[in-house]
Number of protein chains: 2
Amino acid sequence: MDMPTRTTDEVILGRLNTALGFLVRLAQIKVYEHFFEECGERGLKPGEFSVLWVILHNPGIRQSVLGQRLMIKRAHMTKLIRSLEDQNLVSRRIPDDDRRAVEITLTPAARTMVEQAGDWFFAYEDSVGSNLTTAERQQLMVLLQKFTGLD
Amino acid sequence: MDMPTRTTDEVILGRLNTALGFLVRLAQIKVYEHFFEECGERGLKPGEFSVLWVILHNPGIRQSVLGQRLMIKRAHMTKLIRSLEDQNLVSRRIPDDDRRAVEITLTPAARTMVEQAGDWFFAYEDSVGSNLTTAERQQLMVLLQKFTGLD
DNA sequence: TGGAGATTGTTTCTTTGTAAACAAATTTTG
DNA sequence: CAAAATTTGTTTACAAAGAAACAATCTCCA
């Protein structure tokens, strides 16, 4: 009998389910979808939060450095920063010693906001991978740190 | 001295570098960039390949099932399939027993092409995470399978 | 010193993917 | 059975992200 595949778990993936790149992509989508179920309408997306968080902990950081660390391309970073500036969350300053660069700082209002947002963001992050044991989560974290070169 | 952050590895990430969601996003970008360095102008992107690969191994699979398994949204799947159809790689058939559904099959030409593409695709996939040991790669694979619910 | 090349950020255009409204077919249920 | 609800795929409008071309500034070296 050669019935066409009708249900998700019948699907034959072959070697695909051993491919790291494929698995990482699936994981990323899952995290993202899970985020919007949980944090739904908080108004602050994961990308935005990570940018603000890093600026909080590195006041005066340059756009280029921020982009390199978070792996956000220049063109996109420009848009992100402008959007944050429009929301009055960050301010830009051209340093005297290099007038091409832009140094980013949080506004005072944003500082308290981001600290607060950190609470629920990391609470959410703790719920990521809740189908793994604590030990597995720890293991996965370490492996991903090494994989991404963050160790 | 409170110098603004100037180089990537000076950047303070705080709790962020222990956040699974953040790490997974970084990993995904890294895989994707690495892919285009390696496989540059092969004309077949990771997403397209995975779709074709799954159709190859599940001939007559329905669009909805394909989308669920690869976590591709309906609206997007429609465009992907149409693009593949325009390239004469897949054909669509409305089954008699459910005239809303669409069953997808590879064209004969695509079958050999995808089998061939599999060779370099999985060769590339083997090079993903080359900064990890073989054991670590295996571990990461198993953890991601569990994480994504593919086990 | 001054010009070639690199760096930094912006702009414009394109690609990729999502959301919401819709139409058609099917299933459920009163 | 017939109306209501669900499923499946498409369309349209939009958001997120990258690529390439560009302008301004800085660096390096002949």
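Letters go in sequence order (proteins before strands), and every chain restarts at 1. Values below: all heavy atoms of this structure, side chains included; hydrogens, waters and symmetry mates excluded.
Note on the helix from C:dT1-D:dA30 to C:dG30-D:dC1: terminal axis deviation equals 20°, with five pairs used at each end and the result rounded to 10°.
For the 3.5 Å distance criterion, the side chains of A:Glu115 and A:Thr112 fail to qualify, holding no donor opposite an acceptor.
In this structure, CD1 of A:Ile72 is placed 17 Å from P of C:dT8, rounded to the nearest angstrom. With rounding to whole Å, B:Lys73 atom NZ is found 17 Å from D:dT10 atom C1'. Following rounding to the nearest Å, B:Leu80 (CG) and C:dT18 (P) show an atom-to-atom distance of 10 Å. Rounded to whole Å, atom P of D:dT8 lies 13 Å from atom CD1 of B:Ile94. Rounding to whole angstrom units, CZ of residue B:Arg99 and C1' of D:dT6 are separated by 18 Å. Atom NZ in B:Lys30 sits roughly 20 Å away from atom P in D:dA17 (whole-Å rounding). If you measure from atom CD1 of A:Ile61 to atom P of C:dG9, you get 11 Å, rounded to the nearest angstrom. For the pair A:Phe36 CZ and C:dG17 C1', the computed distance is 13 Å after rounding to whole Å.
Clustering ILVMFWY residues whenever any of their side-chain heavy atoms sit less than 4.5 angstrom apart, transitively, puts A:Phe36 in the very cluster that holds A:Ile29.
Heavy-atom distances to DNA chain C give each of A:His76 and A:Arg25 a nearest nucleotide, and the one nearer the 5′ end belongs to A:His76. Judged by closest nucleotide on DNA chain D, A:Lys45 is the one of A:Lys45 and A:Pro95 placed further toward the 5' end. Sequence order on DNA chain C of the closest nucleotides to A:Glu103 and A:Glu33 puts A:Glu103 first from the 5' end. Judged by closest nucleotide on DNA chain D, B:Gln63 is the one of B:Tyr32 and B:Gln63 placed further toward the 5' end.
A:Glu136 has a carboxylate O that lies under 4.0 Å from a charged side-chain N of B:Lys146, or vice versa, which qualifies the two as a salt bridge. Comment: A:Lys73 engages B:Glu33 in a salt bridge, judged by a side-chain N to carboxylate O separation of less than 4.0 angstrom. Ion pairing of B:Arg93 with B:Asp98 is absent here, as no side-chain N (NZ or NE/NH1/NH2) approaches a carboxylate O to less than 4.0 Å. A salt bridge is defined here as a Lys NZ or Arg NE, NH1 or NH2 lying under 4.0 Å from an Asp or Glu carboxylate O, and B:Arg62 with B:Asp97 meets this definition.
We find the CZ-OG1 distance between A:Arg111 and A:Thr105 to be 8.0 Å, quoted to the nearest 0.5 Å.
Closest to the side chain of B:Arg92, out of C:dA25, C:dT18, D:dG9, is D:dG9. Closest approach to the B:Asp98 side chain among C:dA25, C:dT18, D:dT25 is made by C:dA25 (side chain taken as heavy atoms from C-beta onward). The side chain of A:Arg100 has C:dA6 as its nearest neighbour among D:dT8, C:dA6, C:dG9.
Distances shown here put every side-chain N or O of B:Arg74 at or beyond 4.0 Å from the OP1 or OP2 atom of C:dC22. Contact annotation: B:Arg82 reaches the phosphate of D:dT11 (side-chain N/O to OP1 or OP2, under 4.0 Å).
With hydrogens and angles disregarded, a donor-acceptor distance shorter than 3.5 Å links the side chain of A:Trp53 to the backbone of B:Leu13.
Among the protein residues, A:Ala75 comes within range of the nucleic acid bases, having at least one heavy atom under 4.0 Å from a base atom. Using a 4.0 Å heavy-atom criterion, one finds that A:Thr78 contacts the bases of the nucleic acid, with or without backbone contacts as well.
Taking only distance into account, the side chain of A:Lys79 meets the base of D:dG18 through a donor-acceptor pair shorter than 3.5 Å.
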